[in-house]
Amino acid sequence: MKMGDKMVVSSEMLRDFFSREVCYDSGLELFGGLHLAISAFFLTLYAGVIIFRVKLRKIGHFTLIRRIMAAILFANMLIHYTGRIAIGEWRLSEDLPLHICFVANFLMMYILVTDNKRSLFAVVYYFTLIGPLPAAVFPDLSRTWSGYLFWQFIISHHVMLLFSLYCAFVLEYKTAPRYAVYAFFIGNAYVAAISVFNRIFGTNYIMLGELPEQLYRVFPFLHALPAIVWLELVGILALIAAYVLWAATNKRPPLSKRQAHKN
């Protein structure tokens with residue numbers, strides 16, 4: 001094979017790897033074997049972080065771990081966007097980091113680097129579940145193992161959520177009911193802003209105009225109401241679940257036991 005032929009083959013492989021769709025990859029089937037296997041694997045990791053949080057604290061090296069986590073999230077986004085640009089498929093309609101999951105990723109990078117454990121994480125914690133959790137349960141992926149889009153999704157949703165849980169349960173970053181309320185209003189204000197953007201540019205960020213087609217196929221009743229209604233409902237449920245999960249595993253012992261411990 002000549003050098004020119006090798007370059008053509010490499011270029012085609014690069015294009016296939018970063019393309020959103022290719023003819024030989026039918027994408028991730030909703031509730032198919034691969035989807036369920038990925039979900040089970042990460043649910044095990046999520047549960048492990050929560051159950052073994054005390055043991056994980058004993059490992060220490062928190063600054064190093066946080067920086068590695070931030071580097072993983074940053075590298076994922078850098079590779080994704082560089083690849084999309086390199087193959088000439090970056091599009092305004094699809095590739096701006098405007099989805100809630102992407103916004104949560106960038107905020108988590110900042111939190112992990114700066115160790116911002118107060119007000120910012122207290123709100124961002126909810127967004128790391130509001131966006132990624134429903135997306136992980138109902139993924140809309142046109143690629144599987146053979147494309148970087150698949151890996152980008154895994155890291156920016158499942159892995160990012162894992163990092164958020166690590167901050168909440170191992171590093172003991174705090175939140176409170178009022179921050180869930182803040183997240184609700186901030187989230188709705190952001191949705192309103194993106195809906196204006198979608199209307200101006202004819203885009204469908206946050207799926208405000210239309211849900212993924214496979215969702216309509218699996219759940220035909222979704223046609224009964226606009227997409228924004230279902231997104232609002234799922235967001236509220238995820239918000240509640242996020243707080244219940246944190247509160248249930250961060251209960252303070254009764255006052256008598258705390259006093260006895262001090263004595």
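Side chains included, hydrogens not; waters and symmetry mates left out as well; all remaining heavy atoms used. Numbers for residues simply follow the sequence, beginning at 1.
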Ring centers of Phe150, Trp145 separated by less than 6.0 Å: yes
Any donor-acceptor pair under 3.5 Å from Thr82 side chain to Ile79 backbone: no
Side-chain (Arg66) to main-chain (Leu112) donor-acceptor, under 3.5 angstrom: yes
Closest heavy-atom pair and its distance - Phe163, Ile72: CZ-CD1, 4.0 Å
Pair Ser146, Tyr24: side-chain N/O donor-acceptor within cut-off below 3.5 Å: no
Under 3.5 Å donor-acceptor, Tyr126 side chain and Phe184 backbone: no
Arg199 atom CZ, neighbour heavy-atom count above 12 within 6.0 Å: no
Salt-bridge criterion met for Arg20 and Glu94 (N-O under 4.0 Å): yes
Least distance between heavy atoms, Pro139 atom then Leu30 atom: CD-CD1, 3.6 Å
Cluster overlap Phe185 with Val103, hydrophobic side-chain contacts below 4.5 Å: yes
Distance-minimising heavy-atom pair for Phe153 and Ala135: CZ-O, 3.4 Å
Atom of Ala238, atom of Leu129 and distance for their closest heavy-atom approach: CB-O, 4.1 Å
Flag side-chain contact, heavy atom, 4.5 Å: Ile206 against Leu98: no
Side chain to side chain, Val191 and Tyr205, heavy atoms closer than 4.5 Å: no
Steps toward side-chain contact (heavy atoms from CB on, under 4.5 Å) verdict (Phe121, Tyr179): CA-CA 9 Å; Phe121 179 81; Tyr179 292 110; over 6 Å; no
Nearest-0.5 Å distance, CG of residue Leu211 to CD1 of residue Ile228: 9.5 Å
Within 6.0 angstrom of Phe31 CZ, more than 12 heavy atoms from elsewhere: yes
Any residue meeting side-chain contact (heavy atoms from CB on, under 4.5 Å) with Ile240, in chain and number order, not counting sequence neighbours: Ile236, Val244
Partners passing side-chain contact (heavy atoms from CB on, under 4.5 Å) against Glu21 (at least two apart in sequence or in another chain): Ser142
Contact summary for Tyr216 and Ala227, nearest pair of heavy atoms: OH-CB, 4.4 Å
Exceeds 12 heavy-atom contacts within 6.0 angstrom, atom OH of Tyr46: yes
Whether Trp230 and Phe221 hold their rings parallel, tilted or perpendicular, with breakpoints at 30° and 60°: perpendicular
Smallest separation among heavy atoms of Pro132 and Phe127, with atom names: CD-O, 3.3 Å
N/O donor-acceptor pair under 3.5 Å between Tyr125 side chain and Ala242 backbone: yes
Short side-chain to backbone donor-acceptor contact, Arg53 and Ile50, under 3.5 Å: yes
Under 3.5 Å donor-acceptor, Ser195 side chain and Ala192 backbone: yes
Donor-acceptor under 3.5 Å (Arg143 side chain, Tyr148 main chain): no
Donor-acceptor under 3.5 Å (Asn105 side chain, Met160 main chain): no
Salt-bridge present (Arg15, Glu89; N to O < 4.0 Å): yes
